[in-house]
Amino acid sequence: MAATNIQTIDLVVTLRDISPNPTSDVTFTFVDQSCGKTSEILAHKLVLACGSTVFMAQFYGPSKEQKDSIPVEDSSSSAFKVFLDVLYNKKVSLKSMKFQLLGELFYLANKYYLDSLKDSIVQEVSSRKLVTGQVLEVAKVAENHAHLEKFANALFQICSSVVKDNHEATLEMCNNEEVGEENSFTLHRLLARASRAKPRQSRPLQAPVCNNCKHVPCLNGERLTVHNFVEGSKIANWNQSYGGSGGSVPKTVKLDGSWVTFVFVNNPNRHYQSSIQSFKYSC
């Protein structure tokens with residue numbers, strides 16, 4: 001008999017949220033460049049190493065980190081905290097994050113080899129719809145992260161979509177920016193990108209589902225089979241010995257093996273039966 005699992009502790013939540021200290025064995029420190037305020041984030045080397053090969057080499061490799069307090073100079077504490085939440089397997093929603101924070105998170109995912117997180121960020125960016133007033137700011141975020149090609153391209157793509165789809169709004173943006181100012185340069189580069197961007201391929205129009213045979217494309221004139229049989233559909237005899245218009249049109253009732261039960265529209269109470277090979281659709 002298998003032993004009952006009596007574990008009642010959510011290990012990840014306990015380590016990350018409830019009691020990171022004294023079990024933590026590494027501290028990441030941050031300095032806010034705008035005000036000089038310092039902050040720190042506690043973590044566990046083993047958890048980080050399991051989530052990233054970079055951390056594995058940093059903490060357990062031949063040239064492992066000897067210090068337990070590590071200054072972080074290439075990330076904000078808010079972005080780094082979200083990144084660690086991912087490593088601790090916490091649920092992280094990207095939907096409410098600003099583009100700047102997503103850029104920082106993408107940088108960390110790139111640095112620590114988390115390809116799945118990078119793909120999720122690009123997918124989130126690509127799914128967003130911008131309004132005209134957001135275009136320049138988002139384009140500047142893209143330019144500031146040009147070294148992160150996939151992320152920047154995703155941003156430029158959603159900006160270009162607004163520019164190409166709304167000419168009047170684009171002209172208004174051009175009119176509001178003075179030549180030579182930072183925004184005008186950004187706008188110029190964005191317009192150049194939009195002009196080179198390939199138009200999105202529109203989906204081919206799909207034929208409507210036939211009201212009679214319920215198929216796409218319509219099966220008019222096709223022989224009935226056990227695989228395409230539809231109850232209540234208008235049919236005709238394969239050799240046209242019967243089947244017509246109005247009340248004389250036969251309609252299927254049910255399929256029993258290879259035998260079709262059918263009625264004529266003008267006499268629905270009298271059932272007939274014949275081999276399925278005798279009929280074709282009359283749509």
Side-chain angles (χ1 to χ4, degrees), residues 2 89 91-97 102 115-132 134-135 138 150 153-170 194-283:
N89 204 29
K91 290 184 178 180
V92 174
S93 175
L94 303 177
K95 292 187 178 299
S96 59
M97 292 185 188
L102 288 173
D115 289 340
S116 59
L117 178 56
K118 289 165 57 178
D119 292 341
S120 295
I121 293 172
V122 169
Q123 185 177 1
E124 169 59 26
V125 169
S126 301
S127 70
R128 295 190 181 184
K129 304 295 183 183
L130 300 181
V131 296
T132 306
Q134 296 175 298
V135 171
V138 175
K150 287 186 178 180
N153 285 344
L155 290 174
F156 279 127
Q157 181 62 50
I158 60 175
C159 290
S160 298
S161 297
V162 177
V163 170
K164 297 187 76 169
D165 296 342
N166 194 337
H167 294 167
E168 291 186 4
T170 303
S195 68
R196 297 192 300 268
K198 294 181 180 180
R200 294 182 178 180
Q201 294 183 347
S202 57
R203 294 181 180 178
L205 294 177
Q206 187 176 19
V209 177
C210 176
N211 289 329
N212 184 56
C213 68
K214 311 301 182 187
H215 283 79
V216 177
C218 174
L219 298 181
N220 182 45
E222 296 289 331
R223 192 187 294 271
L224 267 68
T225 69
V226 293
H227 300 293
N228 67 21
F229 179 83
V230 175
E231 293 182 6
S233 59
K234 296 177 183 178
I235 55 176
N237 181 263
W238 182 253
N239 297 317
Q240 292 293 347
S241 60
Y242 57 83
S245 59
S248 62
V249 175
K251 295 183 69 173
T252 59
V253 175
K254 66 178 181 178
L255 179 67
D256 185 9
S258 60
W259 292 88
V260 175
T261 300
F262 64 96
V263 297
F264 287 97
V265 175
N266 59 354
N267 189 11
N269 295 322
R270 184 172 181 179
H271 290 194
Y272 301 85
Q273 197 172 53
S274 185
S275 171
I276 193 172
Q277 296 181 354
S278 303
F279 299 107
K280 61 183 177 181
Y281 279 106
S282 178
C283 300

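Positions are given from 1, in the same order as the sequence printed here.
Taking OG from S278 and NZ from K280, the interatomic distance works out to 12.5 Å, rounded to the nearest 0.5 Å. Taking OG of S161 as the reference point, atom CG of L130 lies at 8.5 Å (rounded to 0.5 Å). For the atom pair S126 OG and I121 CD1, the distance stands at 11.5 Å (nearest 0.5 Å).
The nearest pair of heavy atoms linking E124 to K95 is OE2-CA, 3.5 Å. When all heavy atoms are compared, the tightest approach of V230 to K214 is CG1-CG, 3.7 Å. Closest approach of I235 to F279, counting heavy atoms only: CD1-CD2, 3.5 Å. For the residue pair V122 and A154, the shortest heavy atom distance occurs at CG1-CB, 4.2 Å. Taking each heavy atom of P268 and V263 in turn, the nearest pair found is O-CG1, 3.5 Å. Here the closest heavy-atom approach between residue R128 and residue L102 is recorded as NH2-CD1, 3.6 Å.
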Residue pair V92, M97: steps toward the side-chain contact (heavy atoms from CB on, under 4.5 Å) verdict: CA-CA 10 Å; V92 174; M97 292 185 188; 3.6 Å; yes
side-chain contact (heavy atoms from CB on, under 4.5 Å) for Q157 and V125? Distances and angles first, verdict last. CA-CA 9 Å; Q157 181 62 50; V125 169; over 6 Å; no
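By the side-chain contact (heavy atoms from CB on, under 4.5 Å) test, Q273 pairs with W259, T261, sequence neighbours left out.
The shortest side-chain heavy-atom distance between S282 and V249 does not fall under the 4.5 Å cut-off. Counting only heavy atoms from C-beta outward, the side chains of V260 and S274 never approach each other to under 4.5 Å.
Among residues at least two apart or in separate chains, side chain to side chain donor-acceptor pair (under 3.5 Å) pairs with a member in residues 216-234 are T225-N228, S233-T252.
Ring-plane geometry between F264 and Y272 is classed as perpendicular, the angle between the planes exceeding 60 degrees on a 0 to 90 degree scale with a lower cut at 30.
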